[in-house]
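Reading through the structure tokens given below for one structure.
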Number of protein chains: 2
Amino acid sequence: MKLQFLSNKKAKQSSNENRISEEEVTIRVSKEVQVQLDLIHFNKKDLVLVKGLQPLIEENIESIVDQFYKNLEFNSGLKAIINDHSSVERLKVTLKRHIQEMFNGVIDELFIKQRVTIAITHVRIGLQPKWYMCAFQDLLESIIDIIDEYYEDRDESLAAIKAVSKILNFEQQLVLEAYENETDRII
Amino acid sequence: MKLQFLSNKKAKQSSNENRISEEEVTIRVSKEVQVQLDLIHFNKKDLVLVKGLQPLIEENIESIVDQFYKNLEFNSGLKAIINDHSSVERLKVTLKRHIQEMFNGVIDELFIKQRVTIAITHVRIGLQPKWYMCAFQDLLESIIDIIDEYYEDRDESLAAIKAVSKILNFEQQLVLEAYENETDRII
Ligand code: HEM
Ligand code: HEM
């Protein structure tokens with residue numbers, strides 16, 4: 001396990017403790033995007049599970065983000081890109097906000113637009129899609145470890161893990177489409 | 001659960017039954033690719049877990065592949081691409097082989113080259129990366145459900161799920177790099 005948890009003991013809890021209802025989450029997207037969500041079987045039930053994770057993510061956000069940038073330092077090219085355009089300290093702030101918003105329980109035009117804008121930023125700094133994908137995997141693994149640490153019930157844990165893997169996959173779809181469009185535009 | 005399992009009852013088993021050793025798996029890649037694997041924390045232990053899944057995947061390959069193409073039919077554009085260039089029946093044969101090879105326990109130049117060639121095939125038929133990503137997610141979910149169905153031990157199940165999510169992420173990296181290179185070449 002790479003993440004440092006706040007407590008050393010396993011502190012498994014039931015996700016029942018912060019049960020969210022379907023009325024508290026929103027999916028409002030175009031027909032095309034709905035097909036994307038249908039293909040990955042992402043529905044309101046998943047979004048409920050994602051939003052239910054929000055307190056846990058907030059509690060562990062420092063470790064997630066620390067792990068994220070520590071990991072990127074394995075690759076000197078990525079380190080150079082970061083230092084040329086920004087700094088780890090500044091990026092930690094924006095990444096924290098970004099990850100927390102992912103667990104807001106809202107997928108709508110604004111959510112999508114924000115993600116596309118961020119993807120375009122990465123096209124401009126010359127980040128190759130493969131490194132982007134690596135970063136998503138690292139993020140997924142951090143979140144899986146947190147879910148496993150805190151969720152008592154095996155089925156609930158797995159359902160939450162699947163929901164997170166789907167919302168991250170959806171973000172990857174948005175990123176890749178932005179890369180395609182932006183690369184066409186630049187050329 | 002979308003997959004039809006061979007037996008209706010839960011038939012959980014311990015992965016100990018087909019324990020593989022690190023000598024039976026191979027990672028032989030360039031320095032650059034090794035960095036990609038390092039960033040997603042994919043090591044020989046993961047490959048051992050992946051190879052340990054091979055019998056289970058073989059046993060359930062029909063359901064995985066059926067689910068894969070049934071899912072694509074939600075999108076009439078994708079259905080049209082398939083029928084223009086091939087047929088579901090023919091693709092089922094190649095996809096079966098492809099998935100089974102993923103669990104061979106070997107990541108080397110040949111493994112990578114084959115995957116890049118297949119990715120290039122998809123660039124040529126005009127498949128947008130976002131649909132490719134959706135298909136990977138569907139595949140991941142099918143395999144997660146199989147692991148959950150068969151693995152008794154929670155920790156072993158989760159370790160196997162993480163290993164599979166990593167090897168699928170690695171394949172996505174290869175695919176996206178091929179898309180980038182191939183698109184540059186075509187333009
Ligand atoms: C899961 C993958 C990633 C996510 C979610 C993510 C998220 C973000 C966010 C939210 C921003 C702020 C954008 C803004 O200010 O509007 C940003 C900027 C940035 N990211 Fe990432 N990032 C990811 C991967 C990477 C990787 C792998 C690198 C490696 C070089 C990287 C380097 C940067 C840099 C240099 C900026 C600043 C760009 C600028 O302001 O000119 N990111 N990222
Ligand atoms: C996880 C994602 C996918 C995998 C692993 C995969 C795998 C494969 C493989 C192994 C082949 C055979 C290549 C060869 O004969 O050399 C193939 C061909 C093909 N795939 Fe996929 N595929 C994926 C996604 C898709 C999707 C989403 C579509 C939707 C249209 C698609 C449509 C096709 C077509 C039409 C061909 C035949 C191309 C031709 O022979 O001209 N694939 N795919």
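Letters go in sequence order (proteins before strands), and every chain restarts at 1.
Although no hydrogens or angles enter the test, the distance criterion places a donor-acceptor pair under 3.5 Å between the side chain of B:Asn71 and the main chain of A:Leu39. The backbone N or O of B:Leu158 lies less than 3.5 Å from no partner atom in the side chain of A:Asp148, so there is not a single donor-acceptor pair.
Of the atoms belonging to A:Ile161, it is side-chain heavy atoms, and not backbone ones, that fall under 4.5 Å from chain B. Heavy atoms of A:Gln34 lying under 4.5 Å from chain B are absent altogether. In this structure, the portion of A:Leu78 lying under 4.5 Å from any heavy atom of chain B is its side chain and not its backbone. If you measure heavy-atom distances from B:Leu174 to chain A, you find no contacts under 4.5 Å at all.
Between B:Glu177 and A:Pro129, every side-chain heavy-atom pair lies at or beyond the 4.5 Å cut-off. B:Trp131 places a side-chain heavy atom less than 4.5 Å from the side chain of A:Gln36. For the pair B:Leu176/A:Leu176, a side-chain contact is recorded, criterion being any heavy-atom separation below 4.5 Å from C-beta on.
The candidate with the highest count of non-hydrogen atom pairs below 4.5 Å against chain A, out of B:Ile144, B:Leu140, B:Leu72, is B:Ile144. When A:Gln128, A:Gln173, A:Gln172 are compared by the number of non-hydrogen pairs under 4.5 Å with chain B, A:Gln173 comes out ahead.
Two different hydrophobic clusters hold B:Val50 and B:Val106 under the rule that ILVMFWY side chains link at heavy-atom gaps under 4.5 Å. A:Phe42 and B:Phe74 fall within a single hydrophobic cluster, where Ile, Leu, Val, Met, Phe, Trp and Tyr side chains are chained together by heavy-atom contacts under 4.5 Å. B:Ile125 and B:Tyr179 fall within a single hydrophobic cluster, where Ile, Leu, Val, Met, Phe, Trp and Tyr are joined by side-chain heavy atoms under 4.5 Å apart, directly or via other members.
Between the side chains of A:Lys166 and B:Gln137, not a single donor N or O lies within less than 3.5 Å of an accepting N or O.
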query = Where do A:Glu141 and B:Ser165 land on the side chain to side chain contact (heavy atoms under 4.5 Å, CB included) test, with the steps shown first?
reply = CA-CA 9 Å; A:Glu141 193 172 1; B:Ser165 88; over 6 Å; no
task = List the steps, then state whether side chain to side chain contact (heavy atoms under 4.5 Å, CB included) holds for A:Lys162 with B:Asp145.
result = CA-CA 10 Å; A:Lys162 290 206 291 194; B:Asp145 287 344; 2.5 Å; yes
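Screening B:Glu171, B:Glu180, B:Glu32 against A:Lys130 for a salt bridge (charged side-chain N to carboxylate O under 4.0 Å, His left out) leaves a single residue, B:Glu32.
Smallest separation of non-hydrogen atoms from A:Arg154 and B:Glu152: NH1-O, 2.8 Å.
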